[in-house]
Amino acid sequence: TGSGKTHTMQGSGNGAMRGIIPRAVEQVLRQAKALQNQKWSFNLSASFLEIYSEELKDLLVSMTKNGSKDAPKLSIKRPRDGKSYVDGLAEINIETEDSDAGMQQLDALMAVAARSRSVASTKMNAQSSRSHSIFMLNLRGFNTETGAEVSGALNLCDLAGSERLDRSGANSDMKRLRETQAINKSLSSLGDVFNALAQGATHIPYRNSKLTYLLQDCLSGDGKALMFVNLSPTTASSNESLCSLRFAQRVNQVELGKPTKHIQYT
């Protein structure tokens with residue numbers, strides 16, 4: 001906690017301090033425009049949710065017609081013949097013809113999501129994330145010359161940081177205490193998934209938390225995953241830094257296999 005994960009993902013401003021989310025979307029928009037010369041057209045839509053104490057919350061519901069009053073209860077659906085999805089989650093279309101307009105739309109929805117996310121002040125961090133957040137970019141492409149259709153998804157997850165109760169002071173507030181317990185439990189479940197993947201276990205415990213269940217497609221043989229581990233540079237955080245590095249070492253042993261392209265022809 002307090003090591004800059006949210007800033008790494010979202011950043012600030014339009015210059016060198018931009019985060020991974022705007023940089024990644026900018027790359028996708030640039031590539032979509034370049035592929036127009038090869039008769040490709042793409043549709044992009046974005047969603048943003050948080051997992052707060054094992055509950056899914058739509059961070060963009062205020063941008064939809066329904067607004068927050070009639071916000072549906074979100075649930076993860078996983079059909080036998082398809083990919084998992086969040087039922088009832090808002091999807092905001094991103095302009096692909098004009099990349100500047102598309103980036104302006106992204107900035108607007110990121111601002112809405114930031115205002116909606118669960119944060120609180122602790123002894124470790126003035127703006128501590130009390131939830132995991134996941135930005136989802138869904139891509140669908142069609143080639144007018146070959147009739148090929150492709151689809152894919154980019155999930156950019158900002159994990160809430162693990163924290164020790166004695167250092168964060170969360171044990172003095174029951175609400176903060178429950179949040180910390182939920183965060184640490186889901187991170188432990190994520191560690192269990194990585195352990196099972198590294199060992200080539202026949203059963204992977206994706207269903208042990210909403211976080212791992214939602215990220216199942218990213219962490220299976222059909223996806224590709226990259227993890228950043230953020231460390232605090234302070235001496236007082238050396239124990240947490242050592243634990244984080246050990247966690248990173250375990251993750252680095254995981255081999256998901258070769259990702260596959262989803263393409264069909266009409």
Side-chain angles (χ1 to χ4, degrees), residues 6-50 56 58-67 72 74 77 79 82-117 133-158 214-215 217-218 222-226 228 259-266:
T6 299
H7 181 70
T8 298
M9 298 305 297
Q10 299 189 22
S12 60
N14 297 317
M17 299 300 284
R18 291 182 306 157
I20 290 173
I21 293 175
R23 289 172 185 266
V25 175
E26 183 181 54
Q27 289 284 343
V28 171
L29 289 173
R30 186 180 300 165
Q31 189 67 16
K33 189 171 184 63
L35 287 172
Q36 288 179 355
N37 296 330
Q38 300 178 29
K39 308 300 181 181
W40 282 98
S41 62
F42 287 88
N43 292 320
L44 270 64
S45 63
S47 301
F48 219 140
L49 62 80
E50 71 173 356
L56 303 181
D58 193 339
L59 297 178
L60 301 180
V61 69
S62 62
M63 300 182 70
T64 64
K65 293 181 180 179
N66 291 333
L74 303 179
K77 303 291 186 181
K83 298 294 183 181
S84 61
Y85 65 95
V86 179
D87 190 28
L89 184 64
E91 282 193 47
I92 308 298
N93 290 327
I94 301 293
E95 175 65 49
T96 57
E97 295 295 325
D98 184 343
S99 58
D100 289 337
M103 291 304 296
Q104 289 175 4
Q105 290 175 311
L106 176 71
D107 291 341
L109 68 84
M110 285 182 62
V112 170
R115 291 194 297 269
S116 304
R117 191 175 177 188
S133 74
I134 303 177
F135 171 81
M136 301 175 173
L137 186 69
N138 294 303
L139 304 91
R140 302 172 187 86
F142 178 71
N143 190 294
T144 55
E145 191 172 73
T146 65
E149 295 182 14
V150 294
S151 63
L154 178 66
N155 296 301
L156 300 174
C157 182
D158 173 21
L214 187 58
L215 296 179
D217 292 333
C218 305
D222 200 28
K224 191 171 184 178
L226 171 68
F228 292 87
T260 58
K261 182 185 291 186
H262 293 275
I263 185 168
Q264 61 184 28
Y265 293 89
T266 59

Show your reasoning for whether side chain to side chain contact (heavy atoms under 4.5 Å, CB included) applies to T96 and L29. CA-CA 6 Å; T96 57; L29 289 173; 4.2 Å; yes
Please determine whether side chain to side chain contact (heavy atoms under 4.5 Å, CB included) holds for the pair L49 and M136, giving the CA-CA distance in whole Å, both sets of side-chain angles, and the decisive distance to 0.1 Å. CA-CA 8 Å; L49 62 80; M136 301 175 173; 3.7 Å; yes
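With contacts defined as side-chain heavy-atom distances shorter than 4.5 Å, the pair F135/I20 does not qualify. N138 is not listed as a side-chain neighbour of Y85, based on a closest heavy-atom distance of 4.5 Å or more. Counting only heavy atoms from C-beta outward, the side chains of S47 and V86 never approach each other to under 4.5 Å. By the 4.5 Å heavy-atom criterion applied to side chains, V25 and L154 are not counted as neighbours. Put simply, the side chain of L156 does not reach to within 4.5 Å of the side chain of L137, judged on heavy atoms. With contacts defined as side-chain heavy-atom distances shorter than 4.5 Å, the pair R30/S99 does not qualify.
Between C218 and N155, the closest heavy-atom pair is SG-ND2, 3.1 Å. Nearest approach of N143 to Q38, heavy atoms of both residues: ND2-O, 2.9 Å. Here the closest non-hydrogen pair linking R140 and E91 is NH2-OE1, 3.8 Å. Heavy-atom minimum distance, P22 versus R18: CG-CB, 4.2 Å. Counting all heavy atoms, side chain and backbone alike, Y265 lies closest to A148 at CE2-CB, 3.4 Å. G141 approaches F42 most closely through the heavy-atom pair CA-CD2, 3.6 Å.
The CD1 atom of I21 sits 5.0 Å away from the CE atom of M9 when rounded to the nearest 0.5 Å. The structure places OG of S41 at 8.5 Å from CD of Q36, a figure rounded to the nearest 0.5 Å. Taken from CG in L56 to CG in L89, the straight-line distance is 8.5 Å, to the nearest 0.5 Å. Separating the CG atom in L59 from the CZ atom in R115 is a distance of 11.5 Å, to the nearest 0.5 Å. The distance from the CG atom of D98 to the CD atom of Q104 is 7.5 Å, given to the nearest 0.5 Å. Taking CG of L106 as the start and CG of L44 as the end, the distance is 10.5 Å to the nearest 0.5 Å.
Of the possible donor and acceptor atoms, one in the side chain of D58 sits under 3.5 Å from a partner among the backbone N and O of A90. Formation of a donor-acceptor pair under 3.5 Å by the R117 side chain with backbone atoms of E50 is not found in this model. In this structure, E95 contributes its side chain and Q105 its backbone to no donor-acceptor pair below 3.5 Å.
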